[in-house]
Amino acid sequence: MEAKEILTPKNMLVTLGTIVIVMSLYGMSNGDEWAETGWGEDNVLAHDEAYEEMWALHLMPLGVMAIITGMVVTGRELARVAMLSPVVLVNLIGGMLILTNSNGYGANSPSGISAALAGLMILAVILTCASGFMHKDE
């Protein structure tokens, strides 16, 4: 089985959307862990956990949109969406990293499940873009 057969835009958008939703659900249920990772264990205020949970919730629609797009859009347009949609996540995550680091956020590197989900999402973003590129002329 070739990579092109496995990495279809539909499969990759559904996979990426699922990973984003799982990350969102994990963040909503572990806001305290994310706040401690971001601000440092001794620097977490009562509202920081709520902010982390709300940020996680705000990411969920991107996952839902990726899944719906993968299921509804077809053909060349689906390949184009798959090729360009990772730009949204790269822009969001990259922008957040720049802004948060310049404001003292990011005291610790994520570990455990958080790090695994982040790595999985980065891999899915790259493979989604690649799948769109491989199928752009079909």
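Here the structure is a predicted model, which is why all the values come from computation and not from measurement. Just the heavy atoms: all of them, side chains too, but no hydrogens, waters or symmetry mates, feed the values below. Residue indices begin at 1 and follow the sequence shown.
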J.: Can you sort out the partners of F133 under ring-ring contact (aromatic ring centres under 6.0 Å, His included), two or more places apart, ordered by chain and number?
T.: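 F133 satisfies ring-ring contact (aromatic ring centres under 6.0 Å, His included) with no other residue.
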J.: Is there a side-chain contact between L7 and M134 in this structure, where contact means two heavy atoms from C-beta onward sitting under 4.5 Å apart?
T.: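 Heavy-atom side-chain distance check passes, below 4.5 Å.
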J.: Using the rule side-chain contact (heavy atoms from CB on, under 4.5 Å), only one of I122, L120, V125, L123 pairs with I19; which is it?
T.: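 The residue from I122, L120, V125, L123 that satisfies side-chain contact (heavy atoms from CB on, under 4.5 Å) with I19 turns out to be L120.
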J.: Applying side-chain contact (heavy atoms from CB on, under 4.5 Å), can you list everything that pairs with A130, at least two apart in sequence or on another chain?
T.: none
J.: What distance separates H47 NE2 from E53 CD, expressed to the nearest 0.5 Å?
T.: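 Rounded to the nearest 0.5 Å, the NE2-CD separation comes out at 13.0 Å.
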J.: How long is the gap from CD1 on I67 to NZ on K10, to the nearest 0.5 Å?
T.: 12.0 Å
J.: With rounding to the nearest 0.5 angstrom, report the CH2 to CH2 distance, W39 to W34.
T.: 15.0 Å
J.: Does M71 CE have over 12 foreign heavy atoms under 6.0 Å away?
T.: no
J.: How about D48 and N43: do any of their side-chain heavy atoms sit closer than 4.5 Å?
T.: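 A side-chain contact is absent here, since even the closest heavy-atom pair is not under 4.5 Å.
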J.: For the pair N11 (side chain) and T8 (backbone), establish whether a donor and an acceptor sit closer than 3.5 Å, ignoring hydrogens and angles.
T.: no
J.: Between CD of E49 and CD of E36, what distance do you get to the nearest 0.5 Å?
T.: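 Here the rounded value is 9.0 Å.
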J.: Drop me the distance from M28's CE to I21's CD1, to the nearest 0.5 angstrom.
T.: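 Answer rounded to 0.5 Å: 11.0 Å.
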